[in-house]
K.L.:
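The following block contains the structure, expressed as structure tokens.
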Number of protein chains: 2
Amino acid sequence: MKLRPDNTRDRLIDTAMELFHSQGYQATGVAQILKKAEVNSGSLYYFFPTKEDLLLAVLEKYKLMLHPALLEPIWSRIDDPIEKVFGLLDGYRRLLMMTECNYGCPIGNLALEIGHSHAKARQLLADNFKGWRDAVHECLNAADDRLPSDVDRAQLASFVLTVMEGAVMQARTERSLKPFDDAVTQLRDYFDRLTADGTQWGAPAASELKPRINTDKE
Amino acid sequence: MKLRPDNTRDRLIDTAMELFHSQGYQATGVAQILKKAEVNSGSLYYFFPTKEDLLLAVLEKYKLMLHPALLEPIWSRIDDPIEKVFGLLDGYRRLLMMTECNYGCPIGNLALEIGHSHAKARQLLADNFKGWRDAVHECLNAADDRLPSDVDRAQLASFVLTVMEGAVMQARTERSLKPFDDAVTQLRDYFDRLTADGTQWGAPAASELKPRINTDKE
DNA sequence: GTCTATATATTGATAGAC
DNA sequence: GTCTATCAATATATAGAC
């Protein structure tokens with residue numbers, strides 16, 4: 001599945017991407033990247049004048065990967081626009097599960113670690129967040145008739161990102177899927193209450209009628 | 001307000017606490033801590049065998065500070081238990097505002113930066129999260145009659161932490177209070193919908209009747 | 001408990017041949 | 001574009017006098 005690029009530049013980006021994700025930016029040494037990517041120092045600095053430039057390339061790649069690598073596999077599997085959103089959340093659950101809650105959201109990690117000190121990186125992190133929110137926003141627009149008209153779609157999309165990031169953080173810290181699942185349960189309940197009232201407060205919960213993606217406990 | 005302890009050990013902890021908060025753990029050098037605390041290398045290593053031991057002391061201090069420094073000023077100002085929760089969130093908003101969205105939650109920062117590699121630190125971070133959740137849980141218990149009986153209070157308290165951490169992350173990354181305020185607005189809406197139905201789906205929104213803390217935009 | 005001096009490893013980055 | 005050798009700075013940590 002995951003093939004190593006013969007292209008040196010791409011191999012450096014891919015390697016840095018993985019190490020930054022698993023260890024963080026500061027904790028990852030240039031020497032470690034070089035060793036793992038099987039590249040020599042001279043080559044790295046031929047492509048990237050500084051370590052930060054490599055970071056920026058990683059963040060650019062995340063932007064490019066958002067649709068083809070993250071969203072498309074889910075979008076193609078799930079039709080219902082609201083279930084798309086929860087399918088996206090389930091993707092982060094799978095990542096947590098597969099890595100014993102060691103890997104979280106790479107953008108969130110870097111946002112808190114280096115968002116303040118590196119201005120260009122911060123902007124790219126913000127771009128990545130925006131792309132994610134926009135994708136959710138489109139889902140909400142596609143479910144327009146099921147949401148109360150006075151609900152701000154962009155704000156709700158931002159809320160979904162907020163919940164995902166906070167949930168991943170807690171899951172990693174507790175080393176358990178429970179905080180993540182709990183958060184998704186609460187968000188689902190909120191969506192149920194939102195979609196239940198086409199007119200405000202009157203209809204019964206529609207929870208039982210809706211399809212659910214599989215989120216079996218570990 | 002903030003006085004510098006004459007006690008060397010405490011001065012080191014306070015200084016490290018601030019630098020870890022503003023720059024992160026890895027980005028903060030021991031030399032920088034020594035200079036700012038006006039302490040010599042020998043003294044630091046007399047108290048703390050390694051830099052990580054200093055980190056652990058910082059995290060222990062956060063645990064001790066939770067009630068007296070973070071909660072008590074808010075608890076004493078606000079009576080209503082649900083407004084206490086939103087008052088707590090407003091505390092993080094103030095921190096963001098005062099620091100131009102540079103300072104977030106120190107526990108959240110460290111959770112994502114070093115939660116994976118340092119086992120003891122991770123446990124202390126989890127302890128800190130637990131203390132925070134428990135405090136919110138107590139508020140929810142105190143508002144027991146206003147919440148539907150089938151709502152899991154512990155889960156909802158965890159959700160509040162999730163939202164706070166995710167909201168702070170986005171605010172710092174966007175360098176704007178808007179994502180934070182948006183998240184709080186959504187969470188408020190959720191609480192309104194929860195507290196509106198003592199019996200499920202039937203009562204009108206109680207939003208207009210409730211006191212609100214001041215969350216004027218910047 | 002605190003001081004100064006210093007050890008040792010690693011950091012990000014560079015030079016210059018090929 | 002890639003190679004090896006290496007730089008200068010900084011990292012955490014230690015030694016031993018006071």
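Residue numbers begin at 1 in each chain, while the letters A, B, ... track the order of the sequences. Note that the coordinates shown come from a computational prediction; the quantities given were computed from them, not determined experimentally.
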K.L.:
Could you say whether V39(B) or A27(A) is positioned toward the 5' end of DNA chain C, judged by the nucleotide with the nearest heavy atom to each?
P.N.:
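Taking each residue's closest nucleotide, the earlier one in sequence belongs to V39(B).
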K.L.:
Has S41(B) got a side-chain N or O lying under 4.0 Å from the OP1 or OP2 atom of dT4(C)?
P.N.:
no
K.L.:
Round to the nearest Å and state the distance from L44(B) atom CG to dC3(C) atom C1'.
P.N.:
14 Å
K.L.:
Q26(A) has an atom CD; how far is it from atom P of dT10(D), in whole Å?
P.N.:
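So the CD-P distance, Q26(A) to dT10(D), works out to 14 Å.
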K.L.:
Less than 4.0 angstrom between a side-chain N/O of Y46(B) and OP1 or OP2 of dG1(C), yes or no?
P.N.:
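For dG1(C), OP1 or OP2 has a side-chain N or O of Y46(B) closer than 4.0 Å.
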K.L.:
How long is the line joining CG of L12(B) and P of dA13(D), in whole Å?
P.N.:
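Result: 14 Å.
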K.L.:
Considering just the side-chain nitrogens and oxygens of N40(A), establish if one lies under 4.0 Å of OP1 or OP2 belonging to dT4(D).
P.N.:
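For dT4(D), OP1 or OP2 has a side-chain N or O of N40(A) closer than 4.0 Å.
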K.L.:
Which pair of heavy atoms, one from P5(A) and one from D14(A), lies closest together, and at what distance?
P.N.:
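The answer is CG-OD2, 3.4 Å.
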K.L.:
To the nearest angstrom, how far is E38(A) atom CD from dG1(D) atom P?
P.N.:
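Between P of dG1(D) and CD of E38(A): 19 Å.
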K.L.:
Rounded to whole angstrom units, what separation is found between the CG atom of L34(A) and the P atom of dT10(C)?
P.N.:
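Distance, rounded to whole Å: 15 Å.
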K.L.:
Using whole Å, what does the distance between atom P of nucleotide dG1(D) and atom CZ of F47(A) come to?
P.N.:
5 Å
K.L.:
When you measure from the side chain of T50(A), which nucleotide among dT4(D), dA13(C), dT4(C) comes out closest?
P.N.:
dA13(C)
K.L.:
So which one's nearest nucleotide on DNA chain D is more toward 5', E52(B) or G42(A)?
P.N.:
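Looking at the nearest nucleotide for each, G42(A) comes out on the 5' side.
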K.L.:
Rounded to whole angstrom units, what separation is found between the CD atom of Q32(A) and the C1' atom of dA9(C)?
P.N.:
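About 15 Å, once rounded to whole Å.
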K.L.:
Determine whether the aromatic ring centres of residues F191(A) and F86(A) are separated by less than 6.0 angstrom.
P.N.:
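Yes, the ring of F86(A) comes within the 6.0 Å limit of the ring of F191(A), centre to centre.
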K.L.:
Is it true that, when you exclude E60(A) itself, more than 12 heavy atoms of the residues, nucleotides or ligands shown sit nearer than 6.0 Å to its CD?
P.N.:
yes
K.L.:
Without decimals, in angstroms, what is the distance between I33(A) CD1 and dT11(C) P?
P.N.:
10 Å
K.L.:
Are any of the side-chain heavy atoms of Y103(A) and M98(A) separated by less than 4.5 Å?
P.N.:
no
K.L.:
Please say whether more than 12 non-hydrogen atoms of neighbouring residues, nucleotides or ligands are located less than 6.0 Å from NZ in K61(B).
P.N.:
yes
K.L.:
For Y45(A) and dA13(C), is the shortest distance between a side-chain N/O and OP1 or OP2 below 4.0 Å?
P.N.:
yes
